[in-house]
Protein chains: 2
Amino acid sequence: MELPEAKQKFIEAWGKLGSEWGINRTMAQVHALLLLTPDALTTEEIMEALSISRGNVNMTVRDLINWGLVEKQLRAGERKEYFYADKDTWNIARQVAKERRKRELDPVIKILDELVKVEGDKKDPGYKTFHKTVTDINKLAKNVDKTLETMIKADESWFWGSILKIFK
Amino acid sequence: MELPEAKQKFIEAWGKLGSEWGINRTMAQVHALLLLTPDALTTEEIMEALSISRGNVNMTVRDLINWGLVEKQLRAGERKEYFYADKDTWNIARQVAKERRKRELDPVIKILDELVKVEGDKKDPGYKTFHKTVTDINKLAKNVDKTLETMIKADESWFWGSILKIFK
DNA sequence: TCGAACTTTCAAAATATACTGAAACTTAAT
DNA sequence: ATTAAGTTTCAGTATATTTTGAAAGTTCGA
């Protein structure tokens, strides 16, 4: 396989994975493109490379910046903005974990904490099932939450070292 | 908060979480409904409880069965089919991990393995960046893959015991 | 083998999501 | 103050996903 084709494949694969994970395809593709590019790109170059509109690039890049995956670079004497993606995969993973935790897991845990407190007739199977399900899911969610928190704070080699050692 | 309202909240929350995780909202809601129901429900009852059409229930329930989260029950002397959700949250988590790994992670790892092999000019920064990015992501993906595999095989208390012990 | 009870399918409609492109806006040099 | 280079916004359009509902299919008892 030749390099240009390989790059294309990578962009596609990352785009597909992204869309399966609730990140929109274009956003994932722009990220992939930047990950493959040694230096920063302009809006113009991204538009060109992926055949998408200016408006789309603008919004997508803003999202990537909000996710902490891309940074805007300014160059002395130039008006154009350049976009550069952090290439450290551990940072990327951590950043994604951090954002998703904040956006998705935290709100659900908050609701579950409320629901665990709901009182009811302990003889009623409907109530018993409700209470057990909610309590169990809450516990699971809290475990996931703690694990993510550790991961977010941790150093890569330590993290995988510990995980894979146990699981050996 | 009263039980019916609490149930409703749970169904909504689970639906929202599901849709953020690439599982469609209705599927997650049907799952939530079944998780709250001590015994099995019929198509009719699901339609009623969630105000959705017969066709939708049929397809959604089929998907849940394919994900291994719900089972079809037949009762002697009855034509109707009943649907029952496994209430064990660890099984649910495992099952979801298993399916997503198979459907999403495995194909990406296959592509990454191909891309890691692509040869190029070692002086070319474009090639160097490509190669490093692909190699790094491949490693990360393999670590996640191994961890998921362990989780899928593991027993709940052992798994969280080990994880949380390290992470203290 | 008929028909009632139930399930499945899928084309069409509804809804949700993403993208475009041109106008409005910003900034800085002249 | 004007203009040119660039960025941002967003109404309208395009695309993708989900849902409906009615027709076709299945199964089983009489």
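Below, read A as the first sequence line, B as the second, and so on, with proteins coming before strands; counting in each chain starts at 1. Because the structure is a prediction, the values reported are computed rather than measured.
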- Would you tell me if any nitrogen or oxygen in the side chain of A/Lys72 comes within less than 4.0 Å of OP1 or OP2 on D/dT8?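 Yes, within the criterion.
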- Item | Side-chain N or O of A/Thr43 closer than 4.0 Å to phosphate OP1/OP2 of D/dG6 |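 Answer no for this pair, as no side-chain N or O of A/Thr43 is under 4.0 Å from OP1 or OP2.
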- Message: Which is more 5' along DNA chain C, the nucleotide nearest A/Asn24 or the one nearest B/Glu78? Just name the residue.
- Response: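 Result of the comparison: B/Glu78.
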Integer-rounded Å distance: [N] [atom2] and [X] [atom1]:
X: A/Leu74; N: C/dT27; atom1: CG; atom2: P; answer: 12 Å
X: B/Tyr82; N: C/dA5; atom1: OH; atom2: C1'; answer: 13 Å
X: B/Asp63; N: D/dT17; atom1: CG; atom2: P; answer: 14 Å
X: B/Arg25; N: D/dT18; atom1: CZ; atom2: P; answer: 10 Å
X: A/Leu41; N: D/dT7; atom1: CG; atom2: C1'; answer: 17 Å
X: A/Glu44; N: D/dA4; atom1: CD; atom2: C1'; answer: 14 Å
X: A/Met27; N: C/dA18; atom1: CE; atom2: P; answer: 11 Å
X: A/Ile23; N: C/dT17; atom1: CD1; atom2: P; answer: 16 Å

- Interatomic distance, CZ@B/Phe159 vs CH2@B/Trp90, rounded to 0.5 Å, equals 4.5 Å
Polar-atom pairs under 3.5 Å, protein N or O versus N or O of nucleotides 25-27 of chain D: list them with distances, or write none.
from: D/dT27; atom 1: O2; to: B/Arg79; atom 2: NH2; distance (Å): 2.3

- Verify side chain to side chain contact (heavy atoms under 4.5 Å, CB included) between A/Leu3 and B/Asp124, making sure each step is shown before the conclusion. CA-CA 11 Å; A/Leu3 187 54; B/Asp124 170 21; 3.9 Å; yes
- Message: For DNA chain D, which residues of residues 45-62 of chain A approach it to below 4.0 angstrom with any heavy atom?
- Response: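 By residue number: A/Arg54, A/Gly55, A/Asn58, A/Met59, A/Arg62.
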- Message: What verdict does the side chain to side chain contact (heavy atoms under 4.5 Å, CB included) test give for A/Phe130 and A/Leu115, after you've listed the backbone C-alpha separation in whole Å, the side-chain angles of each residue and the deciding distance to 0.1 Å?
- Response: CA-CA 9 Å; A/Phe130 168 84; A/Leu115 297 180; 4.1 Å; yes
- Is the closest side-chain heavy-atom distance between A/Val134 and A/Val118 below 4.5 Å? no
- Query: Do the non-hydrogen side-chain atoms of B/Ile137 and A/Leu35 ever get within less than 4.5 Å of each other?
  - Reply: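 Yes, side chains in contact.
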Cation-pi check, [X] onto [Y] ring (under 6.0 Å, within 45° of axis):
X: B/Arg100; Y: A/Trp21; value: yes
X: A/Lys123; Y: A/Tyr127; value: no
X: A/Arg103; Y: A/Trp67; value: yes

- Message: Using the rule salt bridge (Lys or Arg N to Asp or Glu O under 4.0 Å), only one of B/Asp113, B/Asp136, B/Asp106 pairs with B/Lys142; which is it?
- Response: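 The option that passes is B/Asp113.
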